[in-house]
There are 2 protein chains.
Amino acid sequence: MTVQNSKKATIYDLSVLSGASASTVSAVLNGSWRKRRISTETAEKILSLAKAQRYTTNLQARGLRSSKSGLVGLLVPVYDNRFFSSMAQTFEAQARLRGLSPMVVSGRRDPEEERRTVETLIAYSIDALFIAGVTDPDGVHQVCARAGLPHVNIDLPGKLASSVISDNRNGAEVLTSAILRHAAQGGALVPDDVVLFGGHDDHASRERITGFHAAKNAFFGIESENDIEITGYSPRMTELAFERFFAREGRLPRCLFINSSINFEGLLRFMGRHDETVFNKIVAGCFDYDPFASFLPFPVYMAKPNISAMLEKGFELLEAAPVHPVVTTIEPQLIPPRTALEGPLDDIRDPVPASRIPASTS
Amino acid sequence: MTVQNSKKATIYDLSVLSGASASTVSAVLNGSWRKRRISTETAEKILSLAKAQRYTTNLQARGLRSSKSGLVGLLVPVYDNRFFSSMAQTFEAQARLRGLSPMVVSGRRDPEEERRTVETLIAYSIDALFIAGVTDPDGVHQVCARAGLPHVNIDLPGKLASSVISDNRNGAEVLTSAILRHAAQGGALVPDDVVLFGGHDDHASRERITGFHAAKNAFFGIESENDIEITGYSPRMTELAFERFFAREGRLPRCLFINSSINFEGLLRFMGRHDETVFNKIVAGCFDYDPFASFLPFPVYMAKPNISAMLEKGFELLEAAPVHPVVTTIEPQLIPPRTALEGPLDDIRDPVPASRIPASTS
DNA sequence: CATTTTTGCACAATCGATGGTGCAATAACC
DNA sequence: GGTTATTGCACCATCGATTGTGCAAAAATG
């Protein structure tokens, strides 16, 4: 029935086959045919022909002509941790819901690479860009602005473009309170028992440090100090920070605030080099959620940013296109230890057979 | 110095500015100018103009004309677990190394969605597709074949296209031996103590089950049976399988083989509903690597597929384009408990300040 | 029946880049 | 100095779709 043409059918092929002009075919296929007063009869003929020929629109051609591509970009620093990969997953779903094609790229925390990557996206004429967790937001912003590309910052403070961010201050305060309360059950605490690891001189870290101190000060009734170990967003540097602390103090702090899951991986490396007893009495809080981290041998509280709310708000901001940059703050959720939340995976239909099957022969 | 033109410069703009023809400008900018005997002088003039105007090639136009886009696709089932997100990360790096732009999409284990997603990629004229962990490889293959799209399967057995797969059989055998040896230190084992959870009726699962049984049979000297709990690749179903087992036996098996990190999340959910004592004596093996899983309160052995080798081989296969499908097998790596490997993250340069900074004032 | 309206569609320019071809002007050669 | 080679570039069709415009034929109107 269908011709197994090796090459893809175009509107011109359908034009010849249907006897209609290419512009008519185009109008029928892109849905604008009513506006163009094409008869239902003609439209139906062309549509069925298109189906038979397995026609699909060449989106490069459409994009070229209409100077929009249907692509939306998401720039993350890295994929391979639960925060950003889950963001990618949610982003993809939300983009498709809006009829857009998601393109996720990573800038690897390198300002130069961030800009290059975004320029590539722009070269593909993406329609909008979500910027999450970049090192140099303003650099990326400028690239976007020059290209007239609508963009929003996700989980970043943007002076130049609208942003949706987690309530880092309050989230950190709640998280810190939780680990303090938990740790206090194991005996009286002193301020030096409570230390924050990770982060950078960026907005999110500053806010979290502020929240951390607010909770600590409220708990102990005095101003805390010398309780922040800045490491950047790198597992290696975080590991070194833990080693330094351990060498100096002969133990870990009883209460650990870890700035992100990436920093948490630094703690994992430290753990790999030390006996389990080192971790007997600690309580950790981490700003980010990872289900496996939640079940580590010590209590781990986590603050889970509300990714889907942030992205949804991001899409709203793109549509509304406010004249002046707007900052929206979204509460993260406190996750108690030993919690395995459902995620995007759970929307997946998986045809599952009964249960036991007989042993296979090797 | 530079005109802050709101719209992007094209070769026509540069043509006017330079006095050269558009085709000359094009040749200069795409590097084919020597072949076209454009003088160095002219080339340099145009190049400097291009820089001043911040010219960037419109890749949709180029793609339309040359009927290739510079895009390579990677189809995964889901992003948000360490295996696939790490694959996405590695894929991006390798694609860029080859001058290509990566486009990662998820098919969410839905045959229909898989095909639709791939068709979208094809509509953007991607040049090649990597297919990883899809439910219906043959369906996707047909879509690709019809479009004449070169593709390889990653970690999937492909009858119709070339594939690169993990050595699931041997990997599972090694992994099973490891957990058996470890568990045996805690007292004599019987075959019923050793159970595999997860998987599907797919090639990878079958191979792993074969390897699992091979190791078990070698260890116990008898054929094992009734030791497989098929759950599909879904956390929820896996959780239920653990609950069923627990309800029946009053305990978990001492030796758990978990088919993938996604299934492992099912165990996490089970853990969230049960006391820590239930996990006191168990030893787990998981086919996949997740650094946080490696530090859970019980010993977790993991088999880490060699993602970068698989992808590299995939690119090679695409370039070589063998006449008949080729299957390449790559050994996974056994990762002992409490191991935090370095990953793609470690290539990231992160400008890190010294150490302690003074307490910030809230 | 003549005129106005409406219907249904075709024509052609356009998006930005590519690459085959052709043609002057200059250089090389006998 | 006349002829052949070479250099250096311009012209133009093309990729596949979109969209403003124009114009017959059919229908509605008086």
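In what follows, chains are A, B, ... by sequence order, proteins preceding strands, each numbered from 1.
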| query | OP1 or OP2 of D:dC9 sitting under 4.0 Å from any side-chain N/O of B:Ser21? | reply | no

| said: So if I define the base as every atom that isn't primed, P, OP1 or OP2, how would nucleotides 20-28 of chain D read as a B/S/- string at a heavy-atom cutoff under 4.0 Å? | reply: BB-------

| Rounded to whole angstrom units, what separation is found between the NZ atom of B:Lys68 and the C1' atom of D:dT14? | 18 Å

| request: Just call it for A:Ala27: base, sugar-phosphate, or nothing, with non-hydrogen atoms closer than 4.0 Å on any strand. | output: nothing

| note | Between CG of A:Leu29 and C1' of D:dT19 the distance, given in whole Å, is 15 Å

| Check: B:Lys8 and A:Ile122 side chains under 4.5 Å, non-hydrogen atoms | yes

| task | Could you check which of D:dA17, C:dC9, C:dG16 has an atom nearest any side-chain atom of B:Asn58? | result | C:dG16

| message | Whole angstroms only, please: what is the CH2-P distance between B:Trp33 and D:dC9? | response | 10 Å

| query | Picking from D:dA17, C:dC15, D:dC15, which would you name as closest to the side chain of A:Leu64? | reply | C:dC15

| Nearest to side-chain heavy atoms of A:Arg65, which nucleotide of C:dA17, D:dT19, D:dG8 | D:dT19

| Does B:Glu92 pair with B:Arg96 as a salt bridge, N-O distance under 4.0 Å? | yes

| Roughly how many Å is it from CZ in B:Arg62 to C1' in C:dG16, rounded to a whole number? | 11 Å

| task | Looking at every strand, decide which applies to A:Ser32 at a 4.0 Å heavy-atom threshold: base, sugar-phosphate, or nothing. | result | nothing

| Residues A:Glu41, A:Lys45: salt bridge by 4.0 Å N-O rule | no

| field | Short side-chain N/O contact from A:Tyr124 to OP1 or OP2 of C:dG16, under 4.0 Å | value | no

| said: Tell me the interatomic distance from B:Ile38, atom CD1, to C:dG20, atom C1', rounded to whole angstroms. | reply: 14 Å

| request: Look at the side chain of B:Ile11 and decide which nucleotide, out of D:dA17, C:dA17, D:dT18, has an atom nearest to it. | output: C:dA17

| 5′-ward residue of the pair A:Val25/A:Tyr12 relative to DNA chain C | A:Val25

| task | Give one of base, sugar-phosphate or nothing for B:Ser26, where a contact means two heavy atoms less than 4.0 Å apart. | result | base

| field | Side chains of A:Gln94 and A:Ser308, donor plus acceptor under 3.5 Å | value | no

| field | Check ion pair B:Glu316-B:Lys313 (N to O, under 4.0 angstrom) | value | yes

| said: Do A:Asp202 and A:Tyr233 pair up side chain to side chain, a donor and an acceptor below 3.5 Å, judged on atom types alone? | reply: yes

| Which nucleotide in the set C:dA17, C:dA10, D:dG16 lies at the smallest distance from any side-chain heavy atom of A:Thr10? | D:dG16

| message | Quick check on the 6.0 Å ring-centre criterion: do B:Tyr79 and A:Phe84 meet it? | response | no

